[in-house]
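Okay, structure first, notes after.
Not measured: the values here are computed from a predicted model. Every chain is numbered from 1 and lettered A, B, ... according to where its sequence line falls, protein lines coming before strand lines.
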Amino acid sequence: MNKIVDAALAKSFGLNAEEYAKVLEIMGRLPSFTELGIFSVMWSEHCSYKSSKVWLKELPTTALWVIHGPGENAGVIDIGDGLAAIFKMESHNHPSFIEPYQGAATGVGGILRDVFTMGARPIANLNALRFGDPKLPVTKRVVDGVVRGIGGYGNCVGVPTVGGEVNFHPAYNGNPLVNAMTVGIARTDRIFLSAAAGIGNPVVYVGSKTGRDGIHGATMASTEFDANSAEKRPTVQVGDPFTEKLLIEACLELMQTDAIVAIQDMGAAGLTSSSVEMAGKGGVGIELTLDDVPQRETGMSAYEMMLSESQERMLLVIKPERSEIARAIIEKWDLDYAIIGKITDTGRIIIKHKGVVEADIPLAPLSDAAPLYHRPFVETPKPAALGPTEDPIGLAAGLLKLLACPDIASRSWIWDQYDSTVGGQTVKRPGAADAAIVRLEGTNRALALTTDCTPRYCAADAEAGGAQAVAEAWRNITATGGKPLAVTDNMNFGNPEKPEIMGQFAAAIKGMAAACIALDFPVVSGNVSLYNETEGKGILPTPAIGAVGVIEDASKAMGIALQAGLQLVVIGKTYGQLGQSLWLREVLGMEAGAPPSVDLKAERRNGDFVRGQILEGKVAACHDASDGGLLVAIAEMALAGNVGPSLNTLRSHDFWFGEDQARYVLAVPDAAALLAAAEAASVPAEHIGSAAGDSLTLPGGISISLPALRDAHEGFFRKWFA
Amino acid sequence: MMRTGILLFPGINRERDMAIAVERSFGAAPRIVWHKETDLSGLDLVIIPGGFSFGDYLRCGAMAAQSPVMTAVRTHAARGGYVLGVCNGFQILTEAGLLPGALLRNAGLRFLSMDTLLKVERADTVFTSQYQKGEVFRAPMAHGDGNYAADPETLDRLEGEGLVAFRYAAENHNGSARAIAGIYSENHRILGLMPHPEDLVDPLMGGTDGKPLFDSLAAA
Amino acid sequence: MKAIVTVMLKDGVLDPQGKAIGHALNNLGFAQVGEVRAGKIIELELAETDAAAAKIAAEDMAKKLLANSVIESFRVEIAG
Amino acid sequence: MKAIVTVMLKDGVLDPQGKAIGHALNNLGFAQVGEVRAGKIIELELAETDAAAAKIAAEDMAKKLLANSVIESFRVEIAG
Ligand SMILES: Nc1ncnc2c1ncn2[C@@H]1O[C@H](COP(=O)(O)OP(=O)(O)O)[C@@H](O)[C@H]1O
Ligand SMILES: [Mg+2]
């Protein structure tokens with residue numbers, strides 16, 4: 001088993017020559033096979049953030065309400081009433097392409113653990129998905145597997161899946177993106193951290209047994225795919241949501257006692273990263289005896305156990321006098337409980353197996369000396385604005401075409417497979433509002449939750465796209481009446497060793513940071529997924545944003561459903577920007593021009609105004625205008641409420657389909673009052689129609705029946721999976 | 001007031017929803033009963049909520065049906081106690097033989113999470129006195145295996161003896177035989193149904209269509 | 001001793017999964033495929049050393065848990 | 001001609017279903033049960049009349065659709 005350790009082996013583990021030289025220097029001797037394995041996963045892109053760290057520092061991470069920003073398993077914010085929201089988003093892109101069902105399922109499982117490991121009961125899941133060209137059979141297979149996997153895991157653990165987003169683009173053909181987000185709730189005085197402490201304290205293993213699953217998964221997530229990837233793949237991890245459910249309940253029950261000193265899920269790089277990080281953060285040492293690790297397979301080596309990514313496992317440091325209480329709780333839930341080591345004062349990680357010291361590494365250099373790259377980057381020149389366009393098909397045909405296109409089509413086929421009501425607290429289910437609304441059990445308070453990113457904007461102009469993603473998330477929460485509080489991100493990019501990819505990354509961060517600062521919307525957690533390339537072709541830059549806001553009175557949460565008798569008013573200025581719009585792509589077949597400009601001052605002013613109107617009870621429905629522009633937003637409101645709007649303002653296609661930012665469509669009983677209030681607040685507003693019949697009537701009189709709109713909107717997925 | 005217990009098997013996940021609905025109508029919180037308990041003698045009503053007991057890894061409800069507490073449920077039923085099983089609870093009751101038939105994979109082989117319309121077949125049971133006969137109400141469903149199946153004789157008997165509790169009133173998405181969504185035991189004291197009235201008892205969650213079921217039990 | 005328990009839906013019970021598989025196979029160009037039935041197989045490692053005793057035990061397990069007699073039938077084989 | 005395709009998880013791949021079934025059998029008092037693996041069985045009615053051809057066809061179907069080669073292995077038997 002144990003091969004000769006040399007530079008060639010290091011290379012096959014993903015360590016380059018310089019990195020290997022550093023390992024030799026730190027060790028002062030030839031590392032053992034297991035030691036090399038530990039270095040390679042800890043220094044993988046996935047675990048070390050070696051390419052992205054210098055840029056992530058640019059993001060704002062603090063605010064009065066931030067309790068824990070990046071650096072913990074998940075971000076923690078104060079949401080009032082003594083409660084904290086704990087949340088994070090994480091990618092499972094590579095595994096989901098290899099095995100869509102299990103890849104997506106274990107992605108959900110992994111992000112759940114990041115959240116409940118901090119003491120939170122998970123109350124909502126979201127997912128941000130990007131797939132390739134729907135015309136390819138492989139795309140259908142991946143969509144089907146990913147959706148089933150997310151549902152299969154989330155439904156079983158009993159956490160409602162309440163939102164997400166889906167895009168299609170050929171750039172994701174060989175590399176779909178599966179980003180999963182979990183939001184949990186804890187008391188602000190009962191938050192659990194991962195820094196180990198207490199020399200001599202037992203290190204406890206809890207959960208499923210260890211097998212040879214996903215060995216070197218973290219390294220795989222840090223390299224490109226090529227034609228031989230199928231051969232290289234590690235044993236695929238299979239999710240066990242039932243065990244995860246037990247683990248959630250067992251951990252939360254254990255957290256009611258004072259037994260836990262520190263706790264950390266075993267995620268990527270399993271036992272290695274959890275033990276190294278816990279000891280490293282606590283500034284202590286750790287010693288593990290692998291013979292005591294619960295094992296599913298026979299004959300596992302130290303290397304295999306340290307690198308296994310078996311799912312549904314946690315590592316704890318326990319107060320020794322509480323060990324038996326802890327064991328009783330864990331075993332009540334039919335889970336394995338094993339003391340596998342202890343905290344030491346050596347500052348080293350020592351791994352023993354069968355009486356042999358398999359690894360003995362100083363912890364400080366393992367993390368401090370981890371490689372950090374200022375990779376060369378070039379910014380992609382920003383495209384010129386799109387010139388004037390002609391509308392060859394008219395508004396009605398354009399609208400139907402957009403409603404039916406994969407990027408706008410109703411996602412009900414997807415969310416109908418996700419249990420969105422379990423828990424009994426879902427105020428706005430998928431499709432009902434711009435952000436999902438989940439009440440906090442036993443209070444009037446609710447969270448507003450969303451994920452957003454428009455990769456086609458990011459590809460054209462990563463800085464504008466990064467800012468737009470944050471702004472759209474903020475706007476979606478605002479449109480429900482929520483106060484946006486904080487962000488988690490999932491930076492999905494191509495190969496960082498290519499300067500243009502690093503340029504995209506840097507520009508996206510710059511845009512995100514500007515938006516987060518302007519909107520008081522700090523980043524509290526996140527994840528970076530690089531090397532999203534197959535055969536040298538990168539994905540669209542995709543900085544997915546997950547966001548959380550709060551509504552103090554859940555009964556004020558606003559949905560998008562139009563009701564008869566209301567007036568339609570658009571808030572925010574419409575310039576008619578069609579660059580990178582879906583109309584341009586679907587109707588003229590062009591992906592061209594600059595994406596819509598992001599005016600953060602207008603964003604904030606318009607949003608604060610809209611939220612105020614909602615909370616004052618002046619608004620009956622609200623929807624932001626985004627993909628597809630105003631007319632699509634209005635059609636979606638009509639379909640949600642099953643009421644036909646009648647539009648009264650004769651304008652050209654760019655007005656109706658332009659994707660200008662910072663806009664909302666409001667349905668109100670009293671348009672005049674709203675216009676007056678908007679004027680007083682210096683917010684652009686325009687009365688554009690009213691809600692009345694059973695069809696959508698365009699200015700000029702052409703009308704489309706609601707069933708025709710619905711057929712167009714719901715047709716895509718239903719036909720695809722008929 | 002009925003003394004109520006909610007059974008908790010590992011993997012059950014709608015026990016909180018159920019407890020909230022019960023408390024809302026009854027004014028008192030139910031007792032949570034761990035699956036290893038064996039004595040239900042203090043209870044009038046036993047509720048088996050939804051979820052994925054033991055992961056539903058073999059067949060939905062199969063492993064839970066063999067748990068120690070189910071022996072106590074049988075005793076409870078035999079002495080005329082009330083039992084309500086929703087979703088996984090319904091599956092557990094059929095697997096335990098306390099209700100006839102079985103719940104197969106949904107006809108479309110996909111998990112279905114959506115509101116469905118239920119027709120109340122009779123309003124003279126302890127579970128439905130606060131509905132009208134023939135009334136149609138809305139309830140969310142969330143299941144992968146809700147396709148009710150039984151042999152034709154059993155189905156005829158259920159219909160002939162008035163043991164059908166609810167039927168899907170509009171679309172029969174999961175493909176259930178004769179659109180059956182819920183059934184009673186012969187004495188009408190055991191009810192099993194697939195959709196979740198407990199998730200629609202608060203206007204904030206989109207309506208109170210499910211509340212009369214709990215109000216009926218509270219009034220009994 | 002290993003017992004292999006095969007559980008199939010009874011004849012007459014609708015098998016949507018089998019139907020869907022048949023449909024998918026036809027779509028893939030396997031025109032020769034007629035009826036398809038989908039079932040479960042459960043392989044049990046038993047401490048038993050006597051084949052007859054192992055079979056009786058496995059049948060007992062099938063009756064009590066592995067198969068639901070309302071809708072399913074089963075068969076047991078003993079392998080090495 | 002009937003082909004029986006048995007699909008099992010590959011060795012080393014976690015089998016949550018098998019694990020849970022084993023646990024449940026132990027709880028029911030079947031102490032003699034060790035490892036349990038759960039799989040699928042698919043019975044195909046084939047128009048083929050030649051056993052060898054039927055086997056090749058069924059193997060092709062298993063590769064293309066019935067088994068997921070990433071985590072599953074399969075075997076084909078031909079029955080009457
Ligand atoms: N893009 C990002 N923006 C902000 N914080 C990030 C980002 N990526 C990672 N982080 C933070 O870095 C820490 C390590 O992340 P990660 O390795 O993904 O966590 P885990 O160990 O749970 O997998 C986390 O606290 C995470 O929130
Ligand atoms: Mg973590």
Side-chain angles (χ1 to χ4, degrees), chain A residues 121 123 144 147-148 150-162 239-250 332-335 412-432 437-439 441-442 444 446 553-557 559 721-722, chain B residues 8-24 29 34-36 49-58 60 63-64 86-88 106 108-116 138-145 173 195-207 210:
Chain A
R121 175 171 287 281
I123 63 158
D144 186 52
V147 170
R148 283 182 193 274
I150 291 171
Y153 207 98
N155 298 345
C156 185
V157 294
V159 176
T161 301
V162 297
D240 181 355
F242 170 57
T243 297
E244 179 100 337
K245 170 70 171 162
L246 301 182
L247 199 53
I248 295 175
E249 300 303 334
K332 169 187 158 193
W333 291 98
D334 290 332
L335 296 166
S412 62
W413 179 86
I414 293 177
W415 76 60
D416 281 352
Q417 299 182 58
Y418 297 154
D419 188 343
S420 56
T421 53
V422 59
Q425 305 299 322
T426 309
V427 178
K428 297 287 181 204
R429 302 182 201 172
I437 306 292
V438 181
R439 187 178 60 178
E441 197 183 309
N444 286 327
D553 178 354
S555 68
K556 295 203 166 133
F721 285 96
Chain B
L8 189 56
F9 298 97
I12 285 295
N13 62 30
R14 264 186 165 83
E15 76 282 4
R16 303 158 74 82
D17 317 34
M18 190 60 84
I20 291 167
V22 167
E23 189 162 355
R24 232 180 149 82
W34 185 239
H35 68 116
K36 288 187 175 154
F52 288 73
S53 55
F54 299 95
D56 280 349
Y57 282 153
L58 175 61
C60 299
M63 298 190 221
V86 175
C87 199
N88 202 212
N106 291 343
L109 299 173
R110 285 183 192 278
F111 192 92
L112 292 170
S113 168
M114 55 184 64
D115 277 356
T116 186
R138 201 157 55 89
M141 59 179 182
H143 58 250
D145 301 72
H173 281 107
H196 294 281
E198 76 276 19
D199 278 331
L200 223 44
V201 295
D202 182 342
L204 202 52
M205 307 308 145

Portion of [X] that has a non-hydrogen atom of chain B nearer than 4.5 angstrom:
X	value
A/Gln425	both
A/Val147	neither
A/Thr426	backbone
A/Trp333	side chain
A/Lys556	neither

Open item on the list: Please identify, among B/Glu198, B/Arg110, B/Arg16, the residue contributing the most non-hydrogen atom pairs under 4.5 Å to chain A.
Closed with: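 Heavy-atom pair counts peak at B/Arg110.
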- [ ] Select, from B/Glu15, B/Met114, B/Arg14, the one with the greatest count of heavy-atom pairs under 4.5 Å involving chain A.
- [x]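 Max contact count across the listed options: B/Arg14.
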Most contacts with chain B, counted as non-hydrogen pairs under 4.5 angstrom, among [options]:
options	result
A/Ile248, A/Asp240, A/Val422	A/Val422
A/Ile437, A/Asp419, A/Leu246	A/Asp419
A/Glu249, A/Lys428, A/Glu244, A/Lys332	A/Lys332

Using heavy-atom distances under 4.5 Å, tell me whether [X] contacts chain A through its side chain, its backbone, both, or neither.
X	answer
B/Leu200	side chain
B/Phe54	both
B/Asn106	neither
B/Asp202	side chain

TODO: List the steps and the verdict of side chain to side chain contact (heavy atoms under 4.5 Å, CB included) for A/Asp416 and B/His173.
DONE: CA-CA 12 Å; A/Asp416 281 352; B/His173 281 107; over 6 Å; no
Any side-chain heavy-atom pair from [X] and [Y] closer than 4.5 angstrom?
X	Y	value
A/Arg429	B/Ser113	no
B/Leu204	A/Arg439	yes
A/Phe242	B/Pro10	yes

Task: Distance, nearest 0.5 Å, that separates SG of A/Cys156 from CZ of B/Phe111 - done: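 Here the interatomic distance stands at 9.5 Å.
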Open item on the list: For B/His196 and A/Thr421: C-alpha separation, side-chain torsions, deciding distance, then whether side chain to side chain contact (heavy atoms under 4.5 Å, CB included) applies.
Closed with: CA-CA 9 Å; B/His196 294 281; A/Thr421 53; 5.7 Å; no
